[in-house]
Amino acid sequence: MSPRMFSFNNPFGACPKCDGLGTFKEIDTDLIIPDKKLSINQGAIKASGWNVAEGSSIARMYIDALAKEYNFSLDMPVEMLSEEALDVIFNGTRGRKIKMKRVTAYGSGTYLNDFEGIVGNLSRRYRETTSDWSRADIEAVMRDCRCGECGGARLKSAPLAVTVGGLNIYEFCKMSINEELEFMENLKLTEKEKLIGNLVIREIKERLTFLNSVGLDYLSLSRDSGTLSGGEAQRIRLATQIGSSLMGVLYILDEPSIGLHQRDNDKLLATLRHLRDLGNTLIVVEHDEETMRSADYLVDIGPGAGIHGGELVAAGTPEDVMNCENSITGQYLSGKRSIPVPKSRRSGNGKKLTVYGAEENNLAKIDVEFPLGKFIAVTGVSGSGKSSLVNEILFTHLANKLNRAKKHTGRFSSMKGLDALDKVINIDQSPIGRTPRSNPATYTGVFNDIRDLYASTAESKKRGFKPNRFSFNVRGGRCEACQGDGIVKIEMHFLADVYVPCEVCSGRRYNRETLEVKFKGKNIYDVLEMRVDEALEFFEAQPKIAKKLKTLSDVGLGYVKLGQPATTLSGGEAQRVKLATELSKRSTGKTIYILDEPTTGLHTADVSKLLDVLNMLVDSGNTIVVIEHNLDVIKCADHIIDLGPEGGKGGGNIVAEGTPEEVAGVKESYTGQYLNKVL
């Protein structure tokens, strides 16, 4: 036995069937036909290339032949088809040839042919394709299955037969860090075993203690890194640094408190102080009040955001910053400014959405009620099951049912109350576009109205310009030298590519003729260069345009340029652009909005603006569900669902629910204990 045999990344240890992954992708027939109330002719089959309602001629040829051979109707709802019919559709004819009418360029005729089945066809195409797009298209109907050979343990049987204290390496790594520490403390060894293992055991204990000290006691060592949040990944890197015991190092941390409950924040701060006391310097970018109060030196940049910022407002001890009148941060720290507790809580619309038997990940088969027409906060310590409940069960199921999505849903028994909703919208902090061509104006749709306005000017009509003339994405009005980008990429081969302004249009994205058309003295490029607040004043007489710009200003983005590339917006800014887009739409009052830690990267002043926007959406009759640790948001909620009491295996239960005042009265709730202080 050698250490490499216990690694699933090494061929000597990895399970040969799954190559050490523990899972492999498999076609899921429930994703191929998500809505069994539809007939095949109505487009029930959603798999790539097999939707006969969309006019796939080859798919139509096969499905028609199957229907005749096995005597079933393509106009009958799928749920009424026989097991034999579904079996041949999914799994093929297994050697029994079917008569097919085929029309080719050389004529038509009837052929006898085998049918491999939709599952077989997709599996073969997935194996053979080299196209990332095709793989992603087929993966939409696939799910991850546990490997039958190793049972998800990822290793061969020989290393799994080796145990320490009755556990093999897979069973040990599956436990939470808390449980692993307890296991190591209680491990009983003989004198000989102690001699062999003492150094290794001490090393393991130390490393587990480092992870525990940064608030990650609920994680297991076998957790996939892809499922970790940004804050968790950063704290793991921080734990490795504590173990190195280096001195004279400058550490830079960007919001380490992301995703951390107030209870665990104390652990993190103790860790940061420990690194400082070793003789290191820590620079932390942070909005968390407790972290700011714990700092030895505070640097406040501002006073506002965007063009209104970039100045050193205050620097010194937290007390020095609090005494600076120009510092908004100081005003919130000193209590001169604060986010007030609402005078009353909403009673909702009397309807509710209920999830029964939620048991995804660590959820303990719980029944959860979401009262509609309210602002709901789902709280709890890190790892208590918040994301499992809201993102993996609530959002995915609602998206499948209301938005006709094809998402894999977490495990639960049933969900009632969907008839009170018409759509679900997940407003996250992902970018509003992957390329510089996307910007706030195009994302919110206000640019369409601006182009219509420019096309309606007398100059445009005289020249015959239509709205698409003012788009930088299509031929006609854009500068063709840079294809409307305004910049040109120069490939440097062995060095990083360099971007320079286009020499033809001087970075203005449009050709000369288009830029000659002006409205109130400004051409289309000038408008893209305007800040939202400037544009709001410029277009105040155009109600359709002004309404959309007003929502961008309301969410605190008045400083952002209309044409600012999406790639330069922060996560919080992207999220607020999405919120503004939703606000500008006509409300049905039957929408449920889901936000996962929307305060990430936001200053307290921005949190106040965010709350104003969320309250506007709820006041229109909609429902908002937020996963949150920020007490300023939690105290403003109408209803709280607090999960826990701990993370990992110690979580997954409802600890408290009700108004913030009711939750603050529950002693077992960690959230309640901290709420008690702020109410």
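The model shown is predicted, which means the values in this text are computed figures rather than measured ones.
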Q575 side chain vs I427 backbone, donor-acceptor pair below 3.5 Å: yes
Any donor-acceptor N/O pair, N280 side chain to L246 backbone, under 3.5 Å: yes
Modelled atom types, side-chain donor and acceptor of T599 and E628, under 3.5 Å: yes
V626/V378 under side-chain contact (heavy atoms from CB on, under 4.5 Å): CA gap, chis, key distance, verdict: CA-CA 6 Å; V626 295; V378 180; over 6 Å; no
Under-4.0 Å salt bridge between D296 and R276: yes
Basic-acidic side-chain contact under 4.0 Å: R345, E661: yes
Side-chain donor-acceptor pair present, D320, T317, cut-off under 3.5 Å: yes
By side-chain contact (heavy atoms from CB on, under 4.5 Å) - contacts of A605 (at least two apart): I328, Y332, H603
SB check R576 E573 (cutoff 4.0 Å): no
D300: salt bridge (Lys or Arg N to Asp or Glu O under 4.0 Å) partners, not counting sequence neighbours: none
Contacts of N186 that satisfy side-chain contact (heavy atoms from CB on, under 4.5 Å) - sequence neighbours left out: E182
Stepwise side-chain contact (heavy atoms from CB on, under 4.5 Å) test for L211 and L219: CA-CA 9 Å; L211 288 165; L219 289 183; over 6 Å; no
Partners passing side chain to side chain donor-acceptor pair (under 3.5 Å) against T442 (at least two apart in sequence or in another chain): N439
Heavy-atom neighbours of R202 CZ exceed 12 at 6.0 Å: no
Residue list, salt bridge (Lys or Arg N to Asp or Glu O under 4.0 Å) with E360, at least two apart or on another chain: R411
Between S257 and N265: side-chain donor-acceptor atoms closer than 3.5 Å: no
Which residues share a side chain to side chain donor-acceptor pair (under 3.5 Å) with N653, sequence neighbours left out: none
Steps toward side-chain contact (heavy atoms from CB on, under 4.5 Å) verdict (F412, E359): CA-CA 6 Å; F412 71 103; E359 54 176 326; over 6 Å; no
Side-chain H-bond candidate by donor/acceptor type, E179 with S176, under 3.5 Å: yes
Residue pairs, two or more places apart or on separate chains, that pass side-chain hydrogen bond (donor to acceptor under 3.5 Å, both in side chains) and touch residues 367-377: K352-E369
All pairs passing salt bridge (Lys or Arg N to Asp or Glu O under 4.0 Å) where residues 258-275 contributes a residue, at least two apart: D217-K267, R263-E646
Residues forming a side chain to side chain donor-acceptor pair (under 3.5 Å) with N630, sequence neighbours excluded: none
Pairs touching residues 245-264 that satisfy ring pair (Phe, Tyr, Trp, His ring centres under 6.0 Å), sequence neighbours left out: H261-H629
T581 (side chain) donor-acceptor with V577 (main chain) under 3.5 angstrom: yes
D428 versus S430, side-chain donor and acceptor atoms under 3.5 Å: yes
Flag if over 12 foreign heavy atoms under 6.0 Å of CD, E319: yes
Charged N-O contact under 4.0 Å between R346 and D619: yes
Residues E534, R531: salt bridge by 4.0 Å N-O rule: yes
Interatomic spacing from OG1 in T623 to CG in L353 - rounded to 0.5 Å: 8.5 Å
Pairing of E203 and R207 as salt bridge, 4.0 angstrom limit: yes
Selection residues 631-651 - residue pairs positive for ring pair (Phe, Tyr, Trp, His ring centres under 6.0 Å), sequence neighbours left out: none
Side-chain donor/acceptor of S338 to backbone N/O of G335, under 3.5 Å: no
Heavy atoms from other residues, nucleotides or ligands near NZ of K550 exceed 12 (cutoff 6.0 Å): no
With sequence neighbours excluded, residues passing side-chain contact (heavy atoms from CB on, under 4.5 Å) with E529: Y525, K561
